[in-house]
Amino acid sequence: MILFKRPQEKGQALTEMILVIPLLVLMLAGIIQLIILFQARIAFEKTCGDVAREYDAGLVSNPDAINQDIWDKLGVYQKYFKRDSLTLNTEPPQPTLVDSLTQKIDSFGPWAAKLRSYLINYEGQTWTISINCQPPFLPAFVLPNGIGFQTQLTALRYPA
Amino acid sequence: MIRLKDWSRKPSGQVLLATLLFCFIFIALFLGLFKSGLLYSAKERATRASNLTVLAAGAVYANGMQVVRLSNMIVIATALASAALLATGVGELVALGSLFTLDFDPLAFVKAVQKVQDLLFGITTKLPGLYPLLITVETFSIAGQNGLKSTWPGFSPNNWKLPTSLPSPILFFNILSIGPKTTQALIPNMALKFRDGSFLTMLKPKKFYQFTRVTDGKVFTYTEDQVELAPGSRGASYRVKPGLENQYKFVTEIKIPGSEKLAKLANTINALTALKLDVTDRDDPPLHNIFVFGSYPTSIADPSGNKAEIMTLGQVTVSGSGLEAWKVSDPHYSAFLSPTDPIELAKEMGIQSILSQLGNLLNLQNLFKKAIDDLI
């Protein structure tokens with residue numbers, strides 16, 4: 001009669017697999033979700049650039065239309081973002097020497113401003129665009145409030 | 001140590017070690033992915049910054065073309081006003097017999113306006129005009145605001161700084177049509193010239209030359225562009241250009257009846273060709289473009305701490321219906337991005353050589369000295 005059962009090596013590989021596979025799956029899922037996050041980020045950056053180019057071409061002008069255009073152009077990536085978190089803050093670009101000059105000209109009166117508009121008829125805007133990314137499952141677990149993306153760009157267009 | 005060795009031989013130890021190895025591999029993969037993701041995102045931002053900067057340059061350039069149209073309108077108006085003044089005063093002056101004794105240039109006002117145009121757009125001056133400088137200033141400003149590295153002095157009134165490394169961004173003005181001296185494209189310009197009467201030369205009577213073959217008496221006729229001055233000949237002897245039939249044979253000019261009148265007409269046309277008219281495109285067909293070469297700094301550093309920079313090259317083309325005064329109400333000039341393959345372009349335009357020259361330049365002074373030397 002055997003009093004003590006000898007430890008057997010049978011089933012060792014299965015035990016190792018059972019231990020490792022969840023970790024492996026978790027890491028693979030993490031990598032896939034990181035890729036999705038970066039894709040969303042790049043899509044957001046590209047979309048902002050595309051809309052800025054539309055602004056340059058005079059196709060969009062008011063902030064609401066710009067906002068909507070950005071959202072529309074996100075296309076299949078919309079599912080990773082919250083629509084109501086998309087905000088656009090517009091302000092004039094940093095003043096150059098020319099801006100100082102044009103302000104001085106404009107101060108002479110409406111006729112001077114009118115004359116100036118014939119000569120310098122381009123305008124610029126600096127956009128600060130923010131959006132909240134709804135991350136996929138794993139990052140959502142770590143960051144329940146989402147990840148905020150923000151980008152800034154400046155565009156000039158002619159005619160104003 | 002021995003205990004660790006023993007432990008690693010046990011199944012539990014092996015599992016843990018294998019797990020640690022997996023973790024290491026995955027963390028390395030994770031970090032690599034994260035870094036490449038950051039770089040890809042930075043590349044997207046760099047492309048955007050380059051596009052918006054070059055479009056900004058195009059917008060200011062296009063505005064400048066409208067200013068050229070307006071200035072041409074002023075030239076025409078001034079010319080008409082001068083003509084009207086002359087017409088009204090001419091009768092009295094003739095009556096007084098003093099028309100030709102007055103020391104007065106009837107085109108003085110027109111010339112004054114043209115002088116202003118010259119200063120404003122840098123048409124014939126060796127230094128850049130004020131407006132091309134404005135394009136440069138605005139482009140640098142927008143480049144900095146879009147994140148492109150700006151090593152030039154800040155042009156904002158409250159933001160002056162000294163350049164510390166190679167200049168960035170670099171603007172190439174109309175490099176596609178600048179000719180062999182590509183460094184001239186570094187001088188801000190708008191590819192403009194004063195229209196003159198040279199188009200009248202097509203009306204200029206041409207000279208004809210003849211050669212009679214001795215063997216059969218056959219007569220061959222050549223135009224003036226088919227003959228050349230015979231080298232070493234006494235007087236003005238012409239011969240047939242090489243490559244044509246009867247090459248190097250001496251020819252004689254044909255005397256056409258009434259040639260004196262034609263000669264006078266030719267002189268008049270020659271005088272008219274010297275007359276400056278309005279401002280027009282330098283190139284035919286017109287070509288206006290700007291290249292912006294810049295570098296976009298990223299937050300990704302190598303192990304020695306050097307941060308990666310993404311080089312960008314963008315091209316904008318400005319086109320419109322023309323610069324003539326009567327086109328002032330035409331649609332504005334528009335600027336649009338042109339696809340740029342940096343490698344192909346560098347091969348074609350010698351930008352690569354310019355950039356390698358830039359690498360050897362010690363400071364900005366040398367850069368502009370070379371550009372101005374080329375210009376002179």
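Values below: every heavy atom of this structure, side chains too, minus hydrogens, waters and symmetry copies. All chains are named by letter (A, B, ...) in the order of the sequence lines, taking the proteins before the strands, and each is independently numbered beginning at 1.
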Answer key: most heavy-atom pairs under 4.5 Å with chain A among Leu70(B), Asn146(B), Ile27(B) is Asn146(B)
To the nearest 0.5 Å, atom CG of Leu33(B) lies from atom CZ of Phe38(A) at 7.0 Å
In terms of heavy-atom contacts, Ile31(A) and Leu29(B) come closest through CD1-CB, 4.3 Å
Exercise. With the side chain counted from C-beta on, respond yes when Leu153(A) and Arg45(B) share a heavy-atom pair under 4.5 Å apart, and no when they do not.
Key: no
Do the side chains of Lys46(A) and Glu44(B) get close enough for a salt bridge, i.e. N-O under 4.0 angstrom? no
| field | Heavy-atom neighbours of Phe336(B) CZ exceed 12 at 6.0 Å | value | yes
- request: Would you indicate whether Lys82(A), at its atom NZ, is surrounded by more than 12 heavy atoms from other residues, nucleotides or ligands within a distance under 6.0 Å?
  value: yes
Heavy-atom side-chain proximity of Asp56(A) to Leu52(B) below 4.5 angstrom
yes
Turns out that what part of Pro159(A) lies under 4.5 Å from chain B's heavy atoms comes down to side chain
Applying a strict 4.5 Å limit to non-hydrogen atoms, the region of Thr126(A) in contact with chain B is side chain
On a heavy-atom basis, the closest approach of Ile42(A) and Ser41(B) is CG1-CA, 3.8 Å
_I want to check something: taking the side chain as every heavy atom from C-beta on, are Tyr158(A) and His332(B) in contact at a cut-off of under 4.5 Å?_
yes
side-chain contact (heavy atoms from CB on, under 4.5 Å) between Tyr40(B) and Arg41(A), worked out: CA-CA 10 Å; Tyr40(B) 209 93; Arg41(A) 171 86 206 199; over 6 Å; no
Check: Given side chains that start at C-beta, do those of Tyr118(A) and Gln66(B) come closer than 4.5 Å, heavy atoms only?
Finding: no
Under 4.5 Å to a heavy atom of chain B? For Arg157(A) that would be backbone
Looking only at Leu337(B), Thr53(B), Leu55(B), Asn63(B), most heavy-atom pairs under 4.5 Å shared with chain A are made by Asn63(B)
